Student: 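Sharing a structure, written as structure tokens. Questions coming.
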Amino acid sequence: MAQAPSLQDSLLAWFSEHGRNLPWRREYQPYHVWLSEIMLQQTQMERVLAYFPRWLAAFPDLASLAQAEEQEVLRLWEGLGYYSRARNLHQTARILHRHHNSTLPADHAALLKLPGIGRYTAGAIMSLAFNLPCPIVDANVERLFARLFNLAEPVKAKSSQAFIWGKAEELIPPGKARLFNQSLMELGALVCQPRAPKCAACPLRLHCAALARGLVAQRPVAGKARETIAIRMVTGVLSHRGRIFIQKRLANDVWPNLWEFPGGVIEGDETPEEALRREYLEETGFAIHRPEKLLDLKHSYTRYRVTLHCYACRLAGSATRPRLAAAQEYRWVTPGELGHFAFPAPHRRLIDRLGAGLAQ
DNA sequence: AAATCGTGGTT
DNA sequence: TAACCAAGATT
């Protein structure tokens, strides 16, 4: 009687047929693998497919990234979120340019010391770029294993994590870490999906403990979700003699080193106009007048759900030099120059919506 | 070690 | 539509 195919063989066969043809899967250049893994953190594939080639056109290799200006790096990352990823890419490129001949080390411990590279990404570079037997566990693998091994504990629990990482390491077929690790994630992304897993099409259906017990829909067990917080914010586009005031945010805050229009949270029973005047005074020392309502924008970051009230406004006095309290730098720029600076997504949307109407 | 960091798409 | 989700790292 013939032996049933192993889990590994079934998975690898499935991947060779159904694996997507992604830009970083052509030659598995370490720089491409590293960049794609950083971009993919907490980010949808479709968005990365848009940003990845644009980034490579600007920074074709690690050395060119090392020599770039930070603002250029942030401008290319604008809209992807989690901006520390971009600053860490840049910083790591500079470290490797100085000390490692502009190459990524094939060394797990050395990778872990680099900014922005944690356990997952170090394993991804080791296995995908160098085909070395290091495990990787991302949200796909967590979900897949929670079902495959029918884990009743929350996947984020310490015991579950230890089990999953252990299995991920133990299952790697000798010499096939690159294909195996990708096939695990790919199966999670394409078949073992969060809401509607396609169990009938799964190459591992005969190995799946949750499927055998009818518990697929109840795996993985999630932890408790944190509450979301609704807040109202205000921002104002201050224009003066055809120029617009922008300021560069502090390095240790939300949106570090990105540029913005001043503004902030609407407190208590303030009206948006009152909050705008107060924020401008606090952040820049400017007294503003004639705030004119433009539009409301909805956006959200981490646990906050924000309604952003957007205004146009003018200087009440004649002084154009601010006293910065919430920023490290400022500029008076023409509307055309706004494209050279990296803005948070809602501020960029505001710029786009205003279009030709800016600074009139 | 729980909280924080962004964003846009889906349900 | 509010909640959930996406190839995590850092402090």
Side-chain angles (χ1 to χ4, degrees), chain A residues 19-20 22-25 32-52 74 77-89 91-92 111-129 134-144 154-158 161 164-165 168 178 181-190 192-197 220 222-230 249-258 260 297-308 342-349:
Chain A
R20 290 167 293 187
L22 302 172
W24 46 91
R25 281 185 185 161
H32 293 179
V33 170
W34 170 49
L35 176 62
S36 66
E37 290 302 335
I38 300 295
M39 283 189 167
L40 283 162
Q41 288 171 12
Q42 309 291 288
T43 305
Q44 307 275 2
M45 176 67 73
E46 287 304 314
R47 316 209 62 227
V48 174
L49 288 174
Y51 278 76
F52 184 82
L74 289 174
W77 199 268
E78 185 190 83
L80 263 189
Y82 289 130
Y83 294 92
S84 64
R85 293 184 294 172
R87 293 189 302 148
N88 285 336
L89 273 171
Q91 197 182 338
T92 288
L111 287 168
L112 274 178
K113 290 179 185 165
L114 295 166
I117 297 181
R119 189 178 184 183
Y120 166 81
T121 305
I125 294 169
M126 290 293 284
S127 59
L128 307 196
C134 288
I136 56 179
V137 173
D138 69 337
N140 287 307
V141 179
E142 280 179 1
R143 184 174 59 253
L144 175 62
V155 281
K156 294 299 183 187
K158 230 177 170 182
Q161 287 292 310
I164 293 169
W165 278 94
R178 170 183 290 158
N181 282 353
Q182 289 186 97
S183 67
L184 283 178
M185 293 190 292
E186 196 81 338
L187 188 68
L190 299 183
C192 197
Q193 295 168 326
R195 299 177 201 277
K224 57 171 191 263
R226 285 186 288 285
E227 58 173 334
T228 60
I229 300 171
R249 294 180 59 85
L250 301 175
N252 57 353
D253 202 348
V254 179
W255 298 311
N257 295 358
L258 267 63
E260 66 168 5
L297 290 176
K298 305 277 190 187
H299 75 109
S300 54
Y301 65 97
T302 62
R303 51 200 287 237
Y304 299 99
R305 197 168 46 73
V306 181
T307 302
L308 181 63
F343 286 86
H347 288 231
R348 176 59 69 189
R349 272 197 284 149

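All of these numbers come straight from a predicted model, not from anything done at the bench. Basis for what follows: all heavy atoms, side chains included, without hydrogens, waters or symmetry-related copies.
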Student: Between B:dT7 atom P and A:Arg85 atom CZ, what is the distance in whole Å?
Tutor: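 It works out to 11 Å between those atoms.
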
Student: Nearest whole Å is fine: how far is B:dC5 P from A:Arg226 CZ?
Tutor: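 Answer to the nearest Å: 11 Å.
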
Student: Whole Å only: how far is the CG atom of A:Leu297 from the P atom of B:dT7?
Tutor: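 Rounded to the whole Å, the gap is 12 Å.
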
Student: With a 3.5 Å cut-off and no angle check, do the side chains of A:Asn140 and A:Arg143 form a donor-acceptor pair?
Tutor: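 Result is yes, a qualifying pair exists.
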
Student: Answer with base, sugar-phosphate or nothing: what part of the nucleic acid does A:Leu184 contact at a heavy-atom distance below 4.0 Å?
Tutor: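 Since no nucleic acid heavy atom lies under 4.0 Å of A:Leu184, the category is nothing.
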
Student: If you assign each of A:Glu37 and A:Gly116 to its closest nucleotide in DNA chain C, which residue comes earlier from the 5' end?
Tutor: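 Its nearest nucleotide being more 5', the pick is A:Glu37.
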
Student: Is there a side-chain polar atom (N or O) of A:Thr43 under 4.0 Å from OP1 or OP2 of B:dG8?
Tutor: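 Result: no.
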
Student: Indicate the ring-plane relationship of A:Trp255 and A:Tyr301, choosing parallel, tilted or perpendicular according to the 30° and 60° boundaries.
Tutor: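 A:Trp255 vs A:Tyr301 ring planes: tilted.
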
Student: What about A:Tyr301: does its side chain form a donor-acceptor pair under 3.5 Å with the base of B:dG6?
Tutor: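 Absent.
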
Student: Side chain of A:Gln44 only, heavy atoms from C-beta on: which candidate in C:dA3, B:dG8, C:dA9 is closest?
Tutor: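 Closest nucleotide among those given: B:dG8.
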
Student: Within the 3.5 Å criterion, strictly below it, is a donor on A:Gln41 or A:Arg85 matched to an acceptor on the partner's side chain?
Tutor: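 A:Gln41 vs A:Arg85: no donor-acceptor pair found between side chains.
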
Student: When you get a sec, tell me which of C:dA2, B:dT7, B:dT4 is the closest nucleotide to the side chain of A:Arg305?
Tutor: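 The nucleotide sitting nearest to the side chain is C:dA2.
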
Student: Return the value, rounded to whole Å, for the distance between atom CG of A:Asn252 and atom P of C:dA9.
Tutor: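 Going from CG in A:Asn252 over to P in C:dA9 covers 22 Å.
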
Student: Please pick, from B:dC5, C:dA9, C:dA3, the nucleotide with the shortest atom-to-atom distance to any side-chain atom of A:Tyr304.
Tutor: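 When the side chain of A:Tyr304 is considered, B:dC5 is the closest of B:dC5, C:dA9, C:dA3.
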
Student: A:Pro194 side chain: which of C:dA6, B:dT7, C:dA7 is closest?
Tutor: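 Among the listed nucleotides, the one closest to the side chain of A:Pro194 is C:dA6.
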
Student: So do A:Tyr51 and A:Thr43 actually touch side chain to side chain, heavy atoms under 4.5 Å?
Tutor: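 No; the side chains remain at least 4.5 Å from each other.
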
Student: Take atom NZ of A:Lys113 and atom C1' of C:dA9, then tell me their distance rounded to the nearest Å.
Tutor: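 That distance rounds to 18 Å.
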
Student: Under 4.0 Å between a side-chain N or O of A:Trp77 and OP1 or OP2 of B:dC5?
Tutor: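 The answer is no; no side-chain N or O of A:Trp77 sits under 4.0 Å from OP1 or OP2.
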
Student: Using atom P of each nucleotide, how far apart are C:dA7 and B:dA2 to the nearest Å?
Tutor: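 23 Å, rounded to whole Å.
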
Student: A:Pro256 versus A:Arg87: any side-chain heavy-atom pair under 4.5 Å?
Tutor: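 Yes; the side chains approach each other to less than 4.5 Å.
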
Student: Can you tell me which nucleotide in C:dA7, B:dT7, C:dG8 comes closest to the side chain of A:Ala345?
Tutor: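 Closest of the options to the side chain of A:Ala345: B:dT7.
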
Student: With respect to the phosphate group of C:dG8, does any side-chain polar atom (N or O) of A:Gln42 fall under 4.0 Å of OP1 or OP2?
Tutor: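 For C:dG8, OP1/OP2 do have a side-chain N/O of A:Gln42 under 4.0 Å.
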
Student: Among residues 134-143 of chain A, which residues get a heavy atom nearer than 4.0 Å to DNA chain C?
Tutor: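 Within residues 134-143 of chain A, the residues near DNA chain C are A:Asp138, A:Ala139, A:Asn140, A:Arg143.
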
Student: Find the distance between CG (A:Leu49) and CH2 (A:Trp24) and round it off to the nearest 0.5 Å.
Tutor: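 Between A:Leu49 CG and A:Trp24 CH2, I get 4.5 Å after rounding to 0.5 Å.
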
Student: For A:Ser300, which contact category applies under a 4.0 Å heavy-atom criterion: base, sugar-phosphate, or nothing?
Tutor: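 If one applies the 4.0 Å heavy-atom cut-off, A:Ser300 turns out to touch a base.
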
Student: Please compare A:Lys158 and A:Pro344 by the position of their nearest nucleotide in DNA chain B and report the one closer to 5'.
Tutor: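 So the residue in question is A:Lys158.
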
Student: Could you measure the distance from the CZ atom of A:Arg249 to the OH atom of A:Tyr83? Nearest 0.5 Å is fine.
Tutor: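 Answer rounded to 0.5 Å: 11.0 Å.
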
Student: If you define the side chain from C-beta out and look only at heavy atoms, does anything of A:Leu89 sit under 4.5 Å from A:Trp77?
Tutor: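 Side chain of A:Leu89 against side chain of A:Trp77, heavy atoms only: contact under 4.5 Å found.
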
Student: Could you state the atom-to-atom distance from CZ of A:Arg47 to C1' of C:dC5 in whole Å?
Tutor: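 The answer, rounded to whole Å, is 14 Å.
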
Student: Could you work out the separation of B:dG6 and C:dC4 based on their C1' atoms and round it to a whole Å?
Tutor: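 Those two atoms are separated by 15 Å.
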
Student: Look at the side-chain N and O atoms of A:Thr121 and state whether any lies under 4.0 Å from the OP1 or OP2 oxygen of C:dA7.
Tutor: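 No, no such contact exists.
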
Student: Would you mind telling me which of C:dG8, C:dC4, C:dA7 lies closest to the side-chain atoms of A:Arg195?
Tutor: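 Taking heavy atoms from C-beta onward, the closest nucleotide is C:dC4.
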
Student: If we only count heavy atoms from C-beta on, is the A:Leu35 to A:Met39 side-chain gap below 4.5 Å?
Tutor: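 Yes, their side chains come closer than 4.5 Å.
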
Student: In whole angstroms, how far is the P atom of B:dA2 from the CZ atom of A:Arg303?
Tutor: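 My rounded result for the distance is 15 Å.
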
Student: Out of C:dA7, B:dG8, B:dT7, which nucleotide sits closest to the side chain of A:Leu40?
Tutor: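 Of all the options, the side chain of A:Leu40 is nearest to C:dA7.
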
Student: Phosphate oxygens OP1/OP2 of B:dT7: is one of them under 4.0 Å from a side-chain N or O of A:Tyr83?
Tutor: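 So the side chain of A:Tyr83 is within the cut-off, an N or O lying under 4.0 Å from OP1 or OP2 of B:dT7.
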
Student: By nearest atom, which of the nucleotides B:dG8, B:dT10, C:dA7 is closest to the A:Glu186 side chain?
Tutor: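 Within the option list, the nearest is C:dA7.
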
Student: Quick one: A:Arg87 CZ to C:dA9 P, roughly how many Å, whole number?
Tutor: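 Value for this atom pair: 17 Å.
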
